[in-house]
Amino acid sequence: KCPNRSECYTAKRATFLALGTICTRHCRFCHIANTKKPLSPDKFEPAKIARAAKQLQLNHIVITMVTRDDLPDQGAGHIAQILYQLRQEISTQATLEVLTSDFSGNFAFLQKVLDAQPNIFNHNLETVRKLSPQLRDKASYERSLSVLAYAKAQGFIIKSGLMLGLG
């Protein structure tokens with residue numbers, strides 16, 4: 001449902017949604033389906049994404065994810081594997097951005113993703129501190145800030161997003 005799709009494609013940029021299309025959380029603003037027991041991750045997804053990025057000759061690749069609280073590492077290893085596969089298959093000229101969940105504040109899970117060396121680490125705050133409890137299922141504003149601070153302390157370029165018009 002992104003209104004900027006054509007702009008990204010023209011610039012040889014694309015975003016890939018990893019770990020399926022069903023989230024384990026139920027944030028009030030999101031249009032992604034949710035359940036407590038989604039399907040297992042596609043073990044071929046890292047290779048599929050790398051193949052698509054190579055065929056499209058992308059110069060900026062964003063890997064985003066549904067939140068997977070049901071998985072032992074909440075999907076961190078899978079996201080890291082996608083980044084490793086992309087590095088192996090495509091030119092190092094392409095920048096890799098990863099937009100992750102908060103991994104429930106588990107920095108060991110976050111470190112798995114950071115060890116795969118994305119060029120940009122992204123985690124969305126979504127809204128202001130005051131509205132966060134009403135809109136974000138299981139997430140907290142402070143936890144999100146700590147995730148961003150952790151990645152920044154590791155030397156990564158970080159970014160975040162806020163939605164306008166929620167109150």
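Computed from a prediction, not measured in an experiment: that's the story for all the values here. Note that the numbering runs from 1 along the sequence shown for the chain. Heavy atoms only: backbone and side chains are in, while hydrogens, waters and symmetry mates are out.
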Undergrad: State, yes or no, whether a side-chain contact exists between Asn59 and Arg13 at a heavy-atom distance under 4.5 Å.
TA: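 Sidechains of Arg13 and Asn59: in contact.
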Undergrad: Please report the closest heavy-atom contact between Arg87 and Gln117, naming both atoms and the distance.
TA: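 Minimum heavy-atom separation between Arg87 and Gln117: NH2-O, 3.0 Å.
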Undergrad: Compare all side-chain heavy atoms of Pro118 with those of Phe156 and state whether any distance is below 4.5 angstrom.
TA: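 In short, these two side chains touch, coming nearer than 4.5 Å.
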Undergrad: Taking NZ in Lys36 as the centre, count heavy atoms belonging to other residues, nucleotides or ligands within less than 6.0 Å. Is the count above 12?
TA: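 Above 12, so yes.
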Undergrad: Please indicate whether Leu162 has more than 12 foreign heavy atoms, meaning atoms of other residues, nucleotides or ligands, lying under 6.0 Å from its CG.
TA: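 Check passes, neighbour count above 12.
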Undergrad: At what distance, to the nearest 0.5 angstrom, does CD of Gln55 lie from CD1 of Ile90?
TA: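 That separation rounds to 12.5 Å.
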Undergrad: Rounded to the nearest 0.5 Å, what's the gap from CD on Gln81 to CG on Leu86? Could you check?
TA: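 Reported value, rounded in 0.5 Å steps: 10.5 Å.
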Undergrad: Looking at side-chain heavy atoms only, is the closest gap between Ile63 and Leu96 below 4.5 Å?
TA: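 No. Closest side-chain heavy atoms not under 4.5 Å.
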Undergrad: Using a 3.5 Å distance criterion without hydrogens, assess whether the side chain of Ser160 forms a donor-acceptor pair with backbone atoms of His123.
TA: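 It does hold such a pair.
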Undergrad: If every non-hydrogen atom of Gly161 is compared with every non-hydrogen atom of Asn124, which pair is closest and at what distance?
TA: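 Closest approach of Gly161 to Asn124, heavy atoms only: N-OD1, 2.8 Å.
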Undergrad: Got Leu71 and Leu19 here, is their nearest side-chain heavy-atom distance under 4.5 Å?
TA: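 Side chain of Leu71 against side chain of Leu19, heavy atoms only: contact under 4.5 Å found.
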Undergrad: Apply the test side chain to side chain contact (heavy atoms under 4.5 Å, CB included) to residues Gln57 and Lys12: give CA-CA distance (whole Å), side-chain angles for both, the deciding distance (0.1 Å), then the verdict.
TA: CA-CA 7 Å; Gln57 299 176 343; Lys12 296 226 174 260; 4.2 Å; yes
Undergrad: Report yes or no: do Ile158 and Ile61 belong to one cluster of Ile/Leu/Val/Met/Phe/Trp/Tyr joined by side chain heavy-atom distances under 4.5 Å?
TA: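 In one cluster with Ile158: Ile61, yes.
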Undergrad: Strictly distance-based, threshold 3.5 Å: is any side-chain N or O of Thr95 a donor or acceptor partner for the main-chain N or O of Asn119?
TA: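 No, because the side chain of Thr95 does not come within donor-acceptor range (under 3.5 Å) of the backbone of Asn119.
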Undergrad: Rounded to the nearest 0.5 Å, how far apart are CD of Gln85 and NZ of Lys48?
TA: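 Between atom CD of Gln85 and atom NZ of Lys48 there are 12.5 Å.
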Undergrad: Would Val66 end up clustered with Ile79 when hydrophobic side chains under 4.5 Å apart are linked, directly or stepwise?
TA: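 Looking at the clustering, Ile79 is in the same group as Val66.
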Undergrad: So, does Glu97 use its side chain to make a donor-acceptor pair with the main chain of His60 at under 3.5 Å?
TA: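 Side chain of Glu97 to backbone of His60: no pair is present.
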Undergrad: Do Pro41 and Arg68 come close enough that some side-chain heavy atom pair is under 4.5 Å?
TA: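 SC-SC contact between Pro41 and Arg68 confirmed.
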Undergrad: Run Ile120 and Lys159 through side chain to side chain contact (heavy atoms under 4.5 Å, CB included) and show every step you take.
TA: CA-CA 7 Å; Ile120 301 165; Lys159 76 185 231 192; 4.0 Å; yes
Undergrad: Do Ile157 and Val147 share a hydrophobic cluster, counting only Ile, Leu, Val, Met, Phe, Trp and Tyr and linking them when any side-chain heavy atoms are less than 4.5 Å apart?
TA: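 In one cluster with Ile157: Val147, no.
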Undergrad: Nearest 0.5 Å, please: how far is CG in Leu83 from CD in Gln88?
TA: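 Reported value, rounded in 0.5 Å steps: 12.5 Å.
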Undergrad: Taking distance alone, no hydrogens or angles, what donor-acceptor pairs closer than 3.5 Å link side-chain atoms of residues 98-116 to residues at least two apart or in another chain?
TA:
{"residue": "Ser101", "atom": "OG", "partner": "Phe103", "partner atom": "N", "Å": "3.2"}
{"residue": "Asp102", "atom": "OD1", "partner": "Arg25", "partner atom": "NH1", "Å": "3.2"}
{"residue": "Asp102", "atom": "OD1", "partner": "Arg25", "partner atom": "NH2", "Å": "2.8"}
{"residue": "Asp102", "atom": "OD1", "partner": "Ser104", "partner atom": "N", "Å": "2.9"}
{"residue": "Asp102", "atom": "OD2", "partner": "Arg25", "partner atom": "NH1", "Å": "3.4"}
{"residue": "Asp102", "atom": "OD2", "partner": "Arg143", "partner atom": "NH1", "Å": "2.9"}
{"residue": "Ser104", "atom": "OG", "partner": "Arg25", "partner atom": "NH2", "Å": "3.4"}
{"residue": "Ser104", "atom": "OG", "partner": "Gln74", "partner atom": "OE1", "Å": "3.2"}
{"residue": "Ser104", "atom": "OG", "partner": "Gln74", "partner atom": "NE2", "Å": "3.0"}
{"residue": "Asn106", "atom": "OD1", "partner": "Ala108", "partner atom": "N", "Å": "2.9"}
{"residue": "Asn106", "atom": "OD1", "partner": "Phe109", "partner atom": "N", "Å": "3.1"}
{"residue": "Gln111", "atom": "OE1", "partner": "Tyr150", "partner atom": "OH", "Å": "2.5"}
{"residue": "Gln111", "atom": "NE2", "partner": "Asp115", "partner atom": "OD1", "Å": "2.7"}
{"residue": "Lys112", "atom": "NZ", "partner": "Asp73", "partner atom": "OD2", "Å": "3.0"}

Undergrad: Quick one: are Ile82 and Glu45 in side-chain contact, heavy atoms under 4.5 Å?
TA: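 In short, these two side chains touch, coming nearer than 4.5 Å.
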Undergrad: For Lys54, enumerate each residue passing the salt bridge (charged side-chain N to carboxylate O under 4.0 Å, His left out) test, keeping only those at least two apart in sequence or located in another chain.
TA: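 Per chain and number, Lys54 pairs via salt bridge (charged side-chain N to carboxylate O under 4.0 Å, His left out) with no residue.
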Undergrad: Do Val62 and Leu17 share a hydrophobic cluster (ILVMFWY, side-chain heavy atoms under 4.5 Å, transitive)?
TA: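 No.
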